[in-house]
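Supplied in structure tokens, the structure appears directly below.
Naming convention: chains lettered A, B, ... in sequence-line order (proteins, then strands); numbering from 1 in each chain.
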Amino acid sequence: MSERQRQNGRRYGRRLGGRWKWHRGILLGSLILFFFGLIALLSPLLSPYDPYRIPEKLQAFSLLSPGADHWLGTDLLGRDLLSRILYGARISLLVGVVVELAVTPVGVTIGLFAGYFGGKIDAVLMRITDAVMAFPGLVLAIALTAVLERPGFLSVIIVLAAVRWTTVARLVRGQVLSLREAEHITAAVALGARKGRIIFRHLLPNCLAPILVAMTFGVASNILSEAGLGFLGLGVQPPTVSWGSLLAEGAVYLTVKPWLCIFPGLAITCTVLGFHLLGDGLRDIFDPRLRS
Amino acid sequence: MEPLLVVKDLKKYFPVKKGIFFGERAELRAVDGVSFEIRRGETMGLVGESGCGKSTTARLILRLLEPTAGEVYFGKTAVFTANKEEMRQLRRKLQIVFQDPYSSLDPRMSVEEIVGEGLTIHRLAKGKEKSERVAELLEMVGLGREHLGRYPHEFSGGQRQRIGIARALAVGPELLIADEPVSALDVSIQAQVINLFEDLQKELGLTYLFIAHDLRVVKHISDRVAVMYLGQIVELTESDELYRNPLHPYTQALMSAIPAADPRPKGRRMVLEGDPLSPIHIPSGCRFHPRCPKRFDRCDKEEPVLREVSAGHWVSCHLY
């Protein structure tokens, strides 16, 4: 391989390499996410207190304001808020990522089939998608949680995934519909390529960029949804903490001890912002107009 | 001599819905009874304005679209009734080069993958042998083996078109359909690509169906030319004869629109009046009559048929 060719890069990924550096959104987003990821991973090491232990002299520790001993204060049961947020990061991030990972293959498959085969298959798949989308998400979530009997980590993931796949399916179907008319797909058909080859060698690789972008936004929206469920008491159950359940607990004291909501809220906001910055940046990078 | 390709009364109607709800159904007659033959080794030009059905004809011949009616024979094989195995063989022998050099190459594939795809699909070569074969093909179209690992966006329009040609040649086709292969290119590049087509024809004994809307391009490359209007062939003859002696008023109008290298005005420009063509509302009688400067009372009542008015010169017009 000549040096020049090496520079041009055989792999697509390497050509993107140069652009990661100058894109501020991606840089900032990645930093934020790296920070929260690290927190979630190392929460047992970083936490100054046990997030679950209720101190013996409860009255002395209940609802403390932020201070030297408890940087972010304590909750009604005297538990350190900072420790609880650190531990909550694990659940919130995990839910966000796991739901997205579970939902993407399903949504992609449905979208590919609906978009490529069209006709009746498309009509049936998309009407199902529409039906799920048309149903108010929260109502569906409550109903599903009721069916699943015990709310908890698993039920949160099932409930969020049950709604989230529709967005992915829609996105992929749209991509496939426009790609299907592209001449390079026609060229592959003219060469005698079978359906499998068209779908997996041509359509899927060309959908990957928007899918990746959608995944980052998706994780953000899952974190928010988890917080919403947690707030309604349908999220993970005590003693497990997530940012959503922290918000729910703090809401009672919103007027007198606002930090109980502010700090978990900030954690959610920052993480969501991080994913959005990353997603925006990826979208910029994958924009064909930027490929010179 | 036995023709390589026979197209018989080919039709393709697309259903279109008018109105949002309960709209009446209409049909778009993209191709409406096209017949012609291409002899082995010749170049057949197909001209006509945008929307007249040239590309649809090409896609029907390749069976990329299913026809409404008609037959296409490639050699002795009936294309539309071919079974799986016959179709596999046909896909090798019939290839196409597309108009848009940007959308016709998969942006996620390297040149080696693009050009080598046909080799893989038909199990003609793999591994090192495949790379070697792709490199040869690239050299054949004026590129080099140093381009193997590059991606489409690194090339100019002309180079991309050469990659598209190499991809089509990879499977060893006999008939190459060129669907406006140069109309998206700069004029200076057009000549190079057309010369490439001519060189390849000599070298590989290819037969071409060359679609274009630029008459100069078609004149240069074609042995015979068919002129299409609203889904039908209105005139078909030897290239020289068509340019010397255009018979159909539509052909005459097209000819008068060719810009001359000599700026001094020679003939008069024949400007067509009336609405541009709509394949949904096809006029009665001769479908060109609303725009025809030579129409007479018979034209809007009776549909003319394509007739041989002199040796090898076919025209569909009541004047002859």
With a 4.5 Å heavy-atom cut-off, do L191(A) and Q95(B) have their side chains touching?
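L191(A) reaches Q95(B) side chain to side chain.
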
Verify, without hydrogens or angle tests, whether E117(B) (side chain) and A188(A) (backbone) share a donor-acceptor contact under 3.5 angstrom.
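No.
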
Suppose a student defines contact as a heavy atom less than 4.5 Å from any heavy atom of chain A. Which residues in residues 163-176 of chain B would they list?
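Contacts with chain A: R167(B), V171(B).
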
I'd like to know if the side chain of R91(B) reaches the main chain of V189(A), judged simply by a donor and an acceptor atom lying under 3.5 Å from each other, with no hydrogens or angles considered.
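Such a contact is found between R91(B) side chain and V189(A) backbone.
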
Looking at residues at least two apart in the chain, or sitting in another chain, which of them share a side-chain hydrogen bond (donor to acceptor under 3.5 Å, both in side chains) with D130(A)?
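Partners of D130(A) under the side-chain hydrogen bond (donor to acceptor under 3.5 Å, both in side chains) test: R127(A), R170(A).
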
Rounded to the nearest 0.5 Å, how far apart are OG of S103(B) and CG of L179(A)?
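Here the rounded value is 10.5 Å.
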
Within residues 196-208 of chain A, which positions have a heavy-atom distance to chain B below 4.5 Å?
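Counting heavy atoms that sit under 4.5 Å from chain B, the residues of residues 196-208 of chain A involved are R197(A), R201(A), H202(A), P205(A), N206(A).
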
Regarding E183(A) and R59(B), does a basic nitrogen lie under 4.0 Å from an acidic carboxylate oxygen?
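Yes, E183(A) and R59(B) are salt-bridged.
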
Should we say atom CZ of R194(A) is surrounded by more than 12 heavy atoms from elsewhere, each under 6.0 Å from it?
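Result for CZ/R194(A): open.
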
With only heavy atoms counted, which part of M87(B) is less than 4.5 Å from chain A, the side chain, the backbone, both or neither?
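Contact with chain A is absent: no heavy atom of M87(B) under 4.5 Å.
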
Structural part of L105(B) lying under 4.5 Å from a heavy atom of chain A
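Contact with chain A involves the backbone of L105(B) alone.
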
Heavy-atom pairs under 4.5 Å with chain A, option from D179(B), D106(B), I96(B) with the top count
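Heavy-atom pair counts peak at D106(B).
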
Does anything in residues 99-117 of chain A get under 4.5 Å of chain B by heavy atoms, and if so which residues?
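The stretch does not come within 4.5 Å of chain B.
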
